[in-house]
Each structure stands twice: as structure tokens, then as C-alpha cells.
There are 2 protein chains.
Amino acid sequence: MNQTPLRILVVDDEPSLVDAVATSLRYEGFEVTEATTGRAALVAAQELDPALVVLDVMLPDLDGFEIAKRLRADGITTPILFLTARDTLEDKAEGFAAGADDYLTKPFSLAELVMRVRAILRRAGNADNASTVLRFADLELDVDAHELRRAGAVIELTATEFSVLKYFMTNPGRVLSKAQILENVWHYDFDGDSNICETYISYLRKKLNEHGAPLIHTVRLVGYVLREQT
Amino acid sequence: MNQTPLRILVVDDEPSLVDAVATSLRYEGFEVTEATTGRAALVAAQELDPALVVLDVMLPDLDGFEIAKRLRADGITTPILFLTARDTLEDKAEGFAAGADDYLTKPFSLAELVMRVRAILRRAGNADNASTVLRFADLELDVDAHELRRAGAVIELTATEFSVLKYFMTNPGRVLSKAQILENVWHYDFDGDSNICETYISYLRKKLNEHGAPLIHTVRLVGYVLREQT
DNA sequence: GCAGCGCCTCAGGTCACGCTCAGCTGGCCC
DNA sequence: GGGCCAGCTGAGCGTGACCTGAGGCGCTGC
């Protein structure tokens with residue numbers, strides 16, 4: 001049903017392995033992009049929007065788990081298949097917690113990799129239609145149109161407000177610490193003593209509460225959470 | 001957030017294995033149906049419409065692959081996780097060809113099975129965002145949402161209360177000394193003569209006992225323990 | 001240059017929370 | 001029974017986390 005070939009991003013610091021995997025997948029009819037560093041992988045995943053990422057855990061710069069977490073935090077739900085020599089349970093737990101769809105330990109057979117890739121894509125093809133509209137309660141955040149509606153009414157947001165709310169809506173019902181918010185929205189490494197985060201929470205609340213009950217709640221000493229009622 | 005529990009069908013001809021798997025999954029909050037024959041599995045899958053099927057390949061009457069094919073032929077797209085001792089490539093190929101979503105070879109760890117089950121469900125869209133929920137008796141402590149429920153009712157906790165209860169719930173049925181609690185929650189090196197620990201135990205008891213029988217018990221001169229009954 | 005807008009800082013006010021304290025209870029031993 | 005000690009808990013206090021209105025600064029469009 002899908003005419004254009006599906007793009008797969010393969011990331012590993014070992015060029016020969018990347019080549020072997022890429023060749024196998026190309027032979028199966030996929031379009032493959034290769035990357036050998038974590039940063040390159042992050043950029044490629046964001047810009048090319050591949051249908052699947054085959055991701056080695058051990059990379060020179062950024063940990064594979066870290067890459068997965070960042071992608072998920074940015075609302076990118078592309079399936080991820082981890083590839084690693086570490087096969088302890090803790091490693092697998094960390095991988096799945098980071099949002100993995102499958103986890104394959106080296107050494108593995110290329111045939112099995114291909115089968116698992118197909119299985120994931122088959123499932124992904126049925127399920128997600130990559131709607132760019134995030135929904136929570138009576139909120140609708142259209143990421144592409146950069147537009148927010150609550151109960152049908154359009155609410156104007158500035159760029160920063162939008163970014164903060166998007167982070168909340170990709171993590172509904174979950175308490176987000178100020179440090180997490182600062183990192184995700186402002187890319188602060190360390191949390192200074194700025195209250196910028198509180199300020200934008202305040203802005204958002206003011207706008208959201210005009211059209212309904214409060215949705216962003218403070219969890220004192222912990223962070224904030226998007227949730228209905230309490 | 002957490003609607004009705006997701007139903008999982010577990011099929012294996014070895015009752016002890018089915019029990020072990022079912023217990024693990026129930027502990028994680030799933031509703032589990034067990035089957036020990038292929039025909040029973042087919043009927044259960046069609047009638048109960050589970051969110052996922054954990055399926056052994058070797059069954060007395062019907063082959064697991066055969067079951068998968070029949071389900072797919074009937075238009076049932078329920079995700080399937082195969083469980084088998086056969087780990088040759090041909091077996092895996094047959095499994096994936098039959099429509100498997102994952103393939104786990106015995107012996108496997110129950111923890112890994114649970115992780116893979118969660119990964120599949122998350123992808124299928126049924127996921128409860130893999131929120132880490134600690135359970136004990138009728139208590140549910142959602143660490144991500146920073147929320148406590150007892151018998152369904154939400155109980156508000158402050159940050160410190162939450163931290164103390166979390167320590168108890170990660171060590172259920174174990175007596176924890178005041179020194180341990182102080183160290184874990186307050187990061188005190190030495191136990192001073194503060195009664196802060198008792199104070200928070202008191203707070204917790206008051207809140208928990210509003211919704212059920214006492215769960216935190218004093219063990220004189222030793223510490224406290226989270227347990228049902230006496 | 002000016003107006004408008006958005007991002008961010010600052011500072012004052014409030015109040016929830018963490019913690020202390022002190023009086024009370026209940027079990028245990030003499 | 002009386003005294004002692006461990007633990008329980010209600011009251012209260014100080015702190016600092018959080019909220020928000022005001023304003024400065026820089027950018028953009030006219």
C-alpha cells in the first residue's frame with residue numbers, strides 16, 4: 001500500500017556493522033540512512049523523520065538511551081530497535097524505559113534483524129497515523145498549525161508558551177520538574193535560580209483557565225503536572 | 001488515566017509456566033486469562049478480544065504458528081508474542097511470517113517478558129504510558145504522576161510523605177529501622193534525636209487509615225513495617 | 001523613530017510544608 | 001501499682017517555594 005520506500009535510520013559507531021545492516025535492509029527494499037555518532041543520529045531523526053531507527057547503545061558521544069529519551073521527550077514517536085552487546089536485564093530495562101520497541105543483543109543474525117524490523121513496521125503501519133494534533137481533556141494542540149483550541153475556542157499562544165504546553169501535552173498526567181522543563185524548553189544544562197519557568201506556567205494558566213477548569217497543577221517541591229481535577 | 005485493566009491471553013501447555021507468566025503480568029496490573037491448549041486459545045482469543053496474546057509454539061493439539069495464522073486469517077490483528085524453546089532462524093522466520101510482533105526464546109526472564117509486553121502494548125496505542133506504579137495490597141503509588149490511590153480513592157501526599165511511603169513500598173513486608181528511613185529519605189548520616197521520622201509515619205497513617213485498615217505497623221525498638229494484617 | 005509584541009527579570013506577598021516541641025499514651029519491668 | 005521509656009500526635013512556628021504584577025530590553029514592521 002505504501003509506494004515510496006520506507007526510510008530507516010541506522011546508527012552505530014562501527015562503520016562495518018552499519019554497512020552490513022544497511023546493505024541487508026536496502027536489499028529488502030528499504031531506504032537507509034547511516035549515522036555513526038549520537039548527535040548526527042539526533043539531527044537525522046529529527047530532519048528525515050524515518051519510519052524506524054536502528055540504534056546502537058554504545059556511541060562515542062551520546063548514549064543510545066539518551067538519544068531515545070530526547071526523541072520521546074520531543075514528541076517523536078518513531079519506533080526504535082536497540083542494538084547492543086550489553087544484554088543484562090538492567091540494560092534492557094533502561095532501553096525499554098527509554099521507549100524501545102525491540103531490543104536485540106549482539107551477536108545477532110541479519111536475517112533476524114530484518115524480521116524484527118518488518119514486524120515493527122507492520123505494526124506501526126496499522127496503528128499510527130502520525131496525527132500532529134495532541135489532545136488532552138478538552139485541549140487540542142495542533143503542532144503543525146501552531147494552534148491551540150480549548151472546547152473549540154482558539155487560544156493564542158506565543159512561541160515559548162506553545163513549547164511549554166507541548167511538553168506537558170506529550171507527557172500528560174506526569175509530574176515534570178522545573179529542571180526537566182528548563183532543559184526541554186530552554187535547553188538549560190543547569191537550573192539557575194531563574195523563575196522563568198514559573199512565569200510561563202503562570203501565563204499558560206491564565207490563558208487556559210479563561211476557557212475551563214485548571215489543568216496545570218503545582219506539585220510542591222517536585223514540579224508541575226497536566227491533569228484533570230485532582 | 002488508568003481505565004479498565006488490559007486483558008492478556010497466556011497460552012502454554014505447561015501449567016507451571018502459564019502460572020508464572022500470569023502471576024507476573026497480574027502483578028503488573030494486567031487482567032490475565034490462561035489457556036493450555038490451542039483450541040482453547042483460539043476460542044478465548046476470539047471471544048475475549050485480549051489486547052495481546054502470549055503464545056507458546058509447542059502445543060499438544062494446534063501449533064502456535066497455526067493459531068496465529070488462523071487469527072490473522074479471521075481478521076484478528078491482536079498483537080502476538082511468541083514463546084518457544086526453538087530458536088533456530090527458520091522457527092523465528094515462521095513465527096514472524098505468521099504475524100508475530102515479538103519472539104522470545106526459553107529460557108527467558110519474566111522481567112524481560114513484562115518489558116516486551118509493555119513495549120508492544122505501548123506501540124499498539126493501548127499503553128498506559130508505562131508509568132511506574134508500585135502496588136501493595138490496595139495501594140497504588142504512581143511515581144511518575146506522583147499520585148497515591150487506595151481502593152481507587154486519591155490520597156494527597158506532600159513531597160516528604162511521598163518519599164517515605166515510596167521507601168516502604170519498594171520494601172514491602174520488610175522492617176525498616178528509623179536510621180534506614182532517615183538515611184533514605186532525609187539523607188541523614190547519623191541519626192540525631194529528632195522524632196521527624198515518627199512524625200511522618202504518623203501523618204501517613206492518618207491519611208492511609210481513612211481509606212482502610214492499618215498497613216504501617218510499629219515493631220518496637222526495631223522500626224516500622226508495611227504489611228497487611230497484624 | 002516609534003509602536004507593538006514577546007521574552008525575561010525582579011521583587012513583594014502569601015501560604016503550604018517541613019520540622020520542633022511538648023504533653024500524652026501504652027507497654028514493660030520492678 | 002508505680003515508674004520509666006518508646007512511641008504517638010496535636011499545635012505552632014519559620015522558611016522558602018511559588019505566584020504574579022510591573023517593567024526593561026530587544027526585535028520587527030511601519
Side-chain angles (χ1 to χ4, degrees), chain A residues 146-148 154-168 175-210 213-227 230, chain B residues 146-148 154-168 175-210 213-227 230:
Chain A
H146 226 263
E147 196 178 66
L148 172 69
V154 173
I155 299 176
E156 299 289 338
L157 293 182
T158 70
T160 310
E161 288 163 2
F162 181 89
S163 182
V164 174
L165 183 60
K166 181 180 159 201
Y167 186 41
F168 273 100
V175 177
L176 304 173
S177 72
K178 277 193 271 192
Q180 284 177 299
I181 298 170
L182 282 171
E183 160 130 24
N184 189 278
V185 177
W186 285 271
H187 304 107
Y188 279 13
D189 301 10
F190 260 86
D191 72 344
D193 48 356
S194 158
N195 76 336
I196 183 76
C197 189
E198 300 161 30
T199 304
Y200 273 88
I201 294 286
S202 173
Y203 291 160
L204 274 177
R205 279 178 171 154
K206 200 192 287 184
K207 291 189 177 181
L208 294 181
N209 294 354
E210 277 178 13
L215 289 175
I216 301 178
H217 305 275
T218 305
V219 181
R220 220 149 203 275
L221 297 171
V222 184
Y224 299 90
V225 59
L226 182 71
R227 130 186 339 150
T230 302
Chain B
H146 225 263
E147 198 176 65
L148 172 69
V154 174
I155 300 177
E156 299 288 339
L157 294 182
T158 70
T160 309
E161 288 163 3
F162 184 91
S163 183
V164 173
L165 183 59
K166 183 178 158 198
Y167 186 42
F168 273 100
V175 178
L176 304 173
S177 72
K178 277 193 267 194
Q180 284 177 300
I181 299 170
L182 282 172
E183 160 130 27
N184 189 280
V185 177
W186 284 272
H187 305 108
Y188 279 13
D189 302 10
F190 263 86
D191 72 344
D193 48 355
S194 157
N195 75 336
I196 184 73
C197 189
E198 300 160 28
T199 303
Y200 273 88
I201 294 286
S202 171
Y203 290 161
L204 275 178
R205 279 177 171 156
K206 197 195 289 185
K207 291 189 177 181
L208 294 182
N209 293 353
E210 277 179 13
L215 288 174
I216 301 178
H217 306 276
T218 305
V219 181
R220 229 158 190 267
L221 298 174
V222 183
Y224 300 89
V225 60
L226 181 71
R227 99 171 126 224
T230 324

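Every value quoted in this text rests on a predicted model; they were computed, and no experiment measured them. All values below come from the heavy atoms of this structure, side chains included, with hydrogens, waters and symmetry mates left out. Residue numbers start from 1 in every chain, and the chains themselves are labelled A, B, ... in the order their sequence lines are given, proteins ahead of strands.
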For Pro214(A) and Asn209(A), which heavy atoms make the closest approach, and how far apart are they? CA-OD1, 3.4 Å
Protein-nucleotide distance (Ile196(A), atom CD1; dA17(D), atom C1'), rounded to Å: 17 Å
Please pick, from dC19(C), dT9(C), dC7(C), the nucleotide with the shortest atom-to-atom distance to any side-chain atom of Ser194(A). dT9(C)
Do Leu204(B) and Leu157(B) have side-chain heavy atoms sitting under 4.5 Å apart? yes
Apply the test side chain to side chain contact (heavy atoms under 4.5 Å, CB included) to residues Leu226(A) and Tyr167(A): give CA-CA distance (whole Å), side-chain angles for both, the deciding distance (0.1 Å), then the verdict. CA-CA 10 Å; Leu226(A) 182 71; Tyr167(A) 186 41; over 6 Å; no
Protein-nucleotide distance (His146(B), atom NE2; dC17(C), atom P), rounded to Å: 12 Å
Report yes if a side-chain nitrogen or oxygen of Trp186(B) is closer than 4.0 Å to either non-bridging phosphate oxygen (OP1 or OP2) of dG18(C); otherwise report no. no
Please check if the distance between the ring centroids of His217(B) and Tyr224(B) is under 6.0 Å. no
Measure up the Tyr203(A) and Tyr200(A) rings against each other and bin them: parallel (under 30°), tilted (30 to 60°), perpendicular (over 60°). perpendicular
Donor-acceptor check, side chain of Arg205(B) to backbone of Ile216(B), threshold 3.5 angstrom: yes or no? yes
With heavy-atom distances below 4.5 Å as the criterion, would you say the side chains of Leu208(B) and Leu148(B) are in contact? yes
For the backbone of Asn195(A) and the side chain of Thr199(A), can you confirm whether one donor and one acceptor N or O come within less than 3.5 Å of each other? yes
At what angle, to 10 degrees, do the two end axes of the helix from dG1(C)-dC30(D) to dC30(C)-dG1(D) meet, given five pairs define each axis? 20°
What is the distance from NE2 of His187(B) to C1' of dG18(C), rounded to the nearest Å? 16 Å
Any side-chain heavy atom of Phe162(B) sitting closer than 4.5 Å to one from Val219(A)? no
Roughly, in whole Å, what's the span from CD1 in Ile181(A) to P in dC7(C)? 16 Å
Taking Lys207(A) first and then Glu156(A), would you say they form a salt bridge - that is, a charged N and a carboxylate O separated by under 4.0 Å? no
Assign a letter to each nucleotide of nucleotides 24-30 of chain D from its 5' end: B, base within under 4.0 Å of a protein heavy atom; S, sugar-phosphate only; -, no contact. -------
Nucleotide by nucleotide, 5' to 3', does protein get under 4.0 Å of the base (B), only the sugar-phosphate (S), or neither (-) in nucleotides 6-15 of chain D, counting heavy atoms? BSBBSB----
How long is the span from the CD atom in Glu183(B) to the CD1 atom in Ile181(B), to the nearest 0.5 Å? 11.5 Å
Measure from NE2 on His217(A) to P on dC18(D) and round the result to the nearest Å. 16 Å
